[in-house]
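The first residue of the sequence shown is numbered 1, and numbering continues consecutively from there. The figures that follow rest on heavy atoms only: side chains count, while hydrogens, waters and symmetry mates do not.
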Amino acid sequence: WPAQQDGVLGVHGGGHFSLGATMQDLFASPQDPAFMLHHCMIDRLWAIWQSRDERNRRYALNGTTTILNPPWAQPVMLNTTMEFGVLDRPRTVSEVMSPTEHGLCYTYT
């Protein structure tokens with residue numbers, strides 16, 4: 001993943017790039033044990049941010065459906081469908097925005 005247009009990878013991309021070559025590979029990174037720890041922390045930070053202004057942040061979106069957000073890409077919407085292959089059925093973005101709805105039942109402390 002090359003640096004975004006403004007040269008900033010953000011907390012998600014920065015985590016991938018600071019943990020070594022495997023974590024920088026889009027297809028190999030899920031095989032690195034650090035991947036799940038990193039993504040759990042990203043999810044936790046997102047949930048904390050959402051909880052600080054639930055009404056305005058629970059379903060807040062930013063970005064496109066294409067990695068690195070090129071200007072021609074479609075924006076992510078709450079009804080955008082995500083594919084999970086053999087891991088799960090297709091889900092809309094709105095279905096995964098809350099850790100306690102749509103069959104999800106986890107919390108962060």
Side-chain angles (χ1 to χ4, degrees):
W1 301 337
Q4 292 181 7
Q5 290 177 348
D6 60 4
V8 178
L9 291 170
V11 67
H12 175 238
H16 276 273
F17 271 76
S18 67
L19 292 173
T22 302
M23 283 290 285
Q24 295 174 31
D25 185 307
L26 182 65
F27 299 102
S29 62
Q31 304 304 311
D32 189 317
F35 179 89
M36 294 302 169
L37 294 173
H38 170 61
H39 277 261
C40 287
M41 181 56 82
I42 296 298
D43 288 351
R44 179 178 177 269
L45 292 172
W46 178 255
I48 291 168
W49 178 81
Q50 287 177 311
S51 71
R52 295 208 171 153
D53 186 1
E54 190 79 22
R55 192 179 83 213
N56 292 307
R57 294 180 177 178
R58 174 57 57 203
Y59 296 99
L61 297 171
N62 182 28
T64 69
T65 59
T66 304
I67 194 167
L68 301 179
N69 297 318
W72 49 262
Q74 293 290 319
V76 170
M77 308 296 281
L78 289 174
N79 65 351
T80 298
T81 301
M82 299 180 295
E83 299 289 339
F84 293 95
V86 299
L87 299 176
D88 196 8
R89 66 174 175 78
R91 294 186 180 265
T92 63
V93 170
S94 65
E95 288 181 272
V96 298
M97 294 292 275
S98 172
T100 60
E101 296 177 12
H102 303 286
L104 302 175
C105 58
Y106 56 93
T107 60
Y108 296 102
T109 56

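Ring geometry, His39 versus His12: the interplanar angle exceeds 60°, so the pair is classed perpendicular (tilted spans 30 to 60°).
Side chains of Met77 and Val93 form no contact here, defined as non-hydrogen atoms less than 4.5 Å apart. Side-chain atoms of Arg91 and Phe84, non-hydrogen and from C-beta on, do get closer than 4.5 Å to each other. Side-chain contact between Trp49 and Arg57 is present, with at least one heavy-atom pair separated by less than 4.5 Å. Annotation: side chain of Thr100 is not in contact with side chain of Tyr106 (no heavy-atom distance under 4.5 Å). At least one side-chain heavy atom of Val11 sits less than 4.5 Å from a side-chain heavy atom of Ile42.
Among all heavy-atom pairs drawn from Ala34 and Leu19, the shortest one is CB-CD1, 4.1 Å. Considering every non-hydrogen atom in both Thr65 and Pro75, the closest pair reads CG2-O, 4.0 Å. Nearest heavy atoms, Ala28 versus Thr22: O-CG2, 3.8 Å.
In terms of hydrophobic clustering, with Ile, Leu, Val, Met, Phe, Trp and Tyr side chains grouped at heavy-atom distances under 4.5 Å, Ile67 and Phe27 are assigned to a common cluster.
Rounding to the nearest 0.5 Å gives a distance of 4.5 Å between CG of Leu78 and CG of Leu61. Taking NE2 from His38 and OG from Ser29, the interatomic distance works out to 8.5 Å, rounded to the nearest 0.5 Å. To the nearest 0.5 angstrom, Tyr108 atom OH is 6.0 Å from Cys40 atom SG. Note that the CE atom of Met97 and the OH atom of Tyr59 stand 8.0 Å from one another [nearest 0.5 Å]. Here Asp43 contributes atom CG and Ile48 contributes atom CD1; the two are 11.0 Å apart, rounded to the nearest 0.5 Å.
A donor-acceptor pair under 3.5 Å links the side-chain atoms of His16 to the main chain of Met23, judged by distance alone. In this structure, Arg58 contributes its side chain and Gln50 its backbone to no donor-acceptor pair below 3.5 Å. No donor-acceptor distance shorter than 3.5 angstrom exists from the side chain of Thr80 to the backbone of Val76, with no hydrogens or angles considered. Remark: side-chain polar atoms of Glu95 are paired, donor with acceptor, to backbone N or O of Thr92 under 3.5 angstrom. Between the side chain of Asn69 and the backbone N or O of Thr64, at least one donor-acceptor pair lies under 3.5 Å.
The number of heavy atoms from other shown groups lying within 6.0 Å of CZ (Arg52) does not exceed 12. Within a 6.0 Å sphere centred on CD of Gln74, other residues, nucleotides and ligands contribute 12 heavy atoms or fewer. Other residues, nucleotides and ligands contribute at most 12 non-hydrogen atoms within 6.0 Å of the CG atom of Asn62.
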